Amino acid sequence: MAKEEDPNNVKELYNWLAVSEKESPKWAPKTKRKWNLEVVEPYGRCTVATEHIAEGDVLFVDAPVITGPKQTCDLICLGCYRMLDNFDYACSKCLWPLCGKACEQRGYHPLECSVFCKNPKKPIIEDYDDNHSLYESILPLRCFLLKEKFPQKWSTLTAMESHDDLRRGTELWRRQQHGIVNFLIDTHGLNATADEINRCTGVLDVNCHEVRSFVPGSRDEYRVRGLYPMCAMMSHDCASNTHHTLLDDMTMLVVASRPIKKGEQLTATYTHILSATTERRKHLHYSKFFHCLCERCKDPTEMGTYFGALRCSQGGCGGSVTSTNPKDETNMSPWECNRCRFMVKAETVERLNKMIYFELARIPPRAIMEVEGIFQKYKNVLHPQHFHLIGMKHTLSELYGRVENNTLGELTVQQINRKIECCRDLLTVLDMLDPGISRMRGLTLYELHAPLLMLANKLFAEKALTKQKFLRKMEEAAKLLEKCIHCLQFEPMSSYEGEICKIAEGSLKELKGSMKQVETLGPQFFKESSPEAGPAEQEKDLTLKDILASLEIPDHH
């Protein structure tokens with residue numbers, strides 16, 4: 001089809017979808033396509049549902065046009081992406097770091113090797129830091145070399161948006177001229193024009209996904225970048241309706257994370273779900289060159305979560321301070337209390353958030369008390385669901401019960417209470433911002449079920465529960481596990497999430513067997529119902545405070 005007959009390259013992208021379906025693993029789910037690529041202003045090309053799509057429906061699989069290291073990363077093998085502790089082996093041709101001889105012909109390394117071997121100079125390990133451009137140049141170079149080596153991939157790549165007109169003259173553009181364009185053309189004599197390299201770099205900046213690669217036989221996780229054309233066609237939304245996961249061969253599987261109506265766009269999130277509006281919009285403008293105007297960004301309360309809000313500092317007020325205009329492209333609109341109308345400068349809010357961010361960044365890994373210290377320091381300054389507080393609760397929900405000297409069997413009653421509180425508060429926010437299938441939701445549900453179940457078992461051992469209440473507590477844990485499995489069902493078994501899903505399946509089966517046994521037990525094993533209490537009082541659920549009575553929980557791992 002001639003370019004003038006297909007000015008938006010829709011056919012080219014459909015062709016790539018066919019390639020992806022052919023190259024995807026045989027076991028990968030295959031379903032009827034329920035969406036079309038359409039051109040919708042002001043979004044441009046996007047994916048639109050042609051019929052109702054149910055939560056969990058597989059939308060498509062997307063093979064990468066190309067993959068490679070992130071712009072900055074630790075020492076990495078360019079063949080298999082395994083992290084390297086030391087620069088022990090250099091490619092015999094180009095002298096770049098690899099695992100060993102076998103990786104000289106593995107993956108996409110032969111592409112850059114064909115260029116670097118003409119001017120071989122072994123880089124020194126000190127060059128591999130955040131300020132050096134060595135890894136930043138690899139993926140743009142690989143993209144350019146597709147032109148001769150893989151013409152179909154090159155055709156697909158050039159069908160994607162680069163926004164060179166918007167990128168030109170920006171700080172990012174200037175940095176890439178030195179670190180990528182000059183490095184490849186002047187230092188290594190690449191036979192390319194600056195415009196050609198900038199085109200490749202722009203396609204990557206606008207469309208690339210950060211992905212995880214699991215090296216066979218290794219439990220370590222490494223981060224690289226991949227160019228996934230069909231994923232890139234989905235419009236961004238800060239509360240998206242799709243979930244993507246990376247299969248072991250680096251194919252992307254995309255499913256509906258919640259129901260999608262006919263005529264509704266399929267959307268993805270290009271930012272972190274636990275970032276507030278100002279941070280998300282700045283990131284999107286800097287890296288993707290657009291100002292987000294999704295429903296979450298337009299709402300000062302962020303869909304009722306008050307995710308970026310402060311607590312009013314005026315005595316006795318207790319109101320929530322939010323932006324008067326979150327859509328402001330300068331991010332300079334003042335903030336205002338929803339009760340007393342007290343005003344706060346946008347610069348003040350930004351300085352506060354940066355200060356907390358830097359304090360958190362200085363905390364050593366797995367340092368529970370340090371996280372708690374910062375939480376206590378700012379809990380009366382920030383809204384209870386502020387993104388910094390929820391982020392800390394996310395961290396604490398994973399650390400309590402999983403670190404040395406704080407395993408489940410070692411936690412105090414107060415710490416058990418805290419872990420459950422953190423899990424529940426995080427899930428409350430996810431219910432509003434990321435409902436349905438969510439990797440974070442699945443892991444949090446798993447973190448929550450075990451302490452609740454163990455507390456119920458302890459109360460049962462002490463004859464502190466009636467049979468009905470004990471069964472309800474077991475049923476609650478079972479439902480948490482079922483939801484966990486639902487959220488993690490598409491994760492590859494090589495991943496941490498896939499392992500948790502497998503463990504949850506086994507735990508659910510065991511729990512249902514235990515529930516059947518409990519139903520057969522006689523009244524001597526349970527707390528007697530108070531004869532004075534009516535049926536309603538007998539069946540009343542225990543409060544969280546009741547459940548968290550003095551209990552020590554053994555480690556469930």
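Treat the numbers as computed from the prediction; the structure is a model and nothing was measured.
In this structure, a donor-acceptor pair under 3.5 Å is absent between the side chains of Thr158 and Trp154.
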Acceptor/donor pairs from residues 101-108 side chains to any protein atom, 3.5 angstrom cut, sequence neighbours excluded:
from	atom 1	to	atom 2	distance (Å)
Glu104	OE1	Ser92	OG	2.9
Glu104	OE2	Tyr89	OH	2.6
Glu104	OE2	Ser92	N	2.9
Glu104	OE2	Ser92	OG	3.1
Tyr108	OH	Lys153	NZ	2.7

Going by atom type alone, with no hydrogens or angles, which donor-acceptor pairs under 3.5 Å involve a side-chain atom of residues 355-364 and a protein atom two or more places apart or on another chain?
from	atom 1	to	atom 2	distance (Å)
Glu359	OE1	Lys377	NZ	3.3
Glu359	OE2	Lys377	NZ	3.2
Glu359	OE2	Tyr378	OH	2.4

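For the pair Tyr135 and Leu78, the tightest heavy-atom approach, listed with the atom from each and the gap, is CE2-CD2, 3.8 Å. Smallest separation of non-hydrogen atoms from Leu98 and Gly79: CD2-N, 3.8 Å.
His386 pairs by the ring-ring contact (aromatic ring centres under 6.0 Å, His included) definition with His388, not counting sequence neighbours. Every ring-ring contact (aromatic ring centres under 6.0 Å, His included) that His244 has, sequence neighbours left out, goes to His209. For Lys354, the salt bridge (Lys or Arg N to Asp or Glu O under 4.0 Å) partners two or more places apart in sequence, or in a different chain, are Glu350. In this structure, Glu370 has no salt bridge (Lys or Arg N to Asp or Glu O under 4.0 Å) partners at least two apart in sequence or on a different chain. Listed by chain and residue number, Asn241 satisfy the side-chain hydrogen bond (donor to acceptor under 3.5 Å, both in side chains) test with Thr267 (two or more places apart in sequence, or in another chain). Judged as a salt bridge (Lys or Arg N to Asp or Glu O under 4.0 Å), and not counting sequence neighbours, Asp328 has no contacts. Take Glu398 and apply the salt bridge (Lys or Arg N to Asp or Glu O under 4.0 Å) test, not counting sequence neighbours, and it matches no residue.
The closest side-chain heavy-atom distance from Gln265 to Glu38 is not below 4.5 Å. Put simply, the side chain of Leu141 reaches to within 4.5 Å of the side chain of Phe116, judged on heavy atoms. Arg296 is listed as a side-chain neighbour of Phe307, based on a closest heavy-atom distance under 4.5 Å. At least one side-chain heavy atom of Phe60 sits under 4.5 Å from a side-chain heavy atom of Cys231. Annotation: side chain of Ile500 is not in contact with side chain of Glu491 (no heavy-atom distance under 4.5 Å). Two residues are said to be in side-chain contact when any heavy atoms from C-beta on lie closer than 4.5 Å; Ile66 and Phe150 fail this criterion.
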- Message: Show, in sequence, the C-alpha distance, side-chain angles and deciding distance for Ser114 and Leu145, and conclude whether the side chain to side chain contact (heavy atoms under 4.5 Å, CB included) test is met.
- Response: CA-CA 10 Å; Ser114 67; Leu145 295 175; 4.2 Å; yes
- Could you give me the CA-CA distance, side-chain angles and deciding distance for Leu172 and Phe289, then say whether side chain to side chain contact (heavy atoms under 4.5 Å, CB included) is met? CA-CA 11 Å; Leu172 179 62; Phe289 310 99; 3.9 Å; yes
- Would you check, one step at a time, whether the test side chain to side chain donor-acceptor pair (under 3.5 Å) holds for Arg280 with Thr277? CA-CA 5 Å; Arg280 295 193 316 276; Thr277 295; 3.2 Å; yes
- Query: Does the pair Thr251 and Asp62 meet the rule for a side chain to side chain contact (heavy atoms under 4.5 Å, CB included), with working shown?
  - Reply: CA-CA 6 Å; Thr251 300; Asp62 197 5; 5.9 Å; no
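No donor-acceptor pair under 3.5 Å is formed between the side chain of Ser240 and the backbone N or O of His236.
For the side-chain hydrogen bond (donor to acceptor under 3.5 Å, both in side chains) condition, the pairs that include at least one residue of residues 138-152, sequence neighbours left out, are Tyr81-Arg142, Glu112-Arg142, Lys147-Glu196. Every pair passing salt bridge (charged side-chain N to carboxylate O under 4.0 Å, His left out) that includes a residue from residues 156-167 is listed here, sequence neighbours excluded: Asp164-Arg167, Arg167-Asp205. Under the salt bridge (charged side-chain N to carboxylate O under 4.0 Å, His left out) criterion, the residue pairs touching residues 387-397 are Lys393-Asp425, with sequence neighbours excluded.
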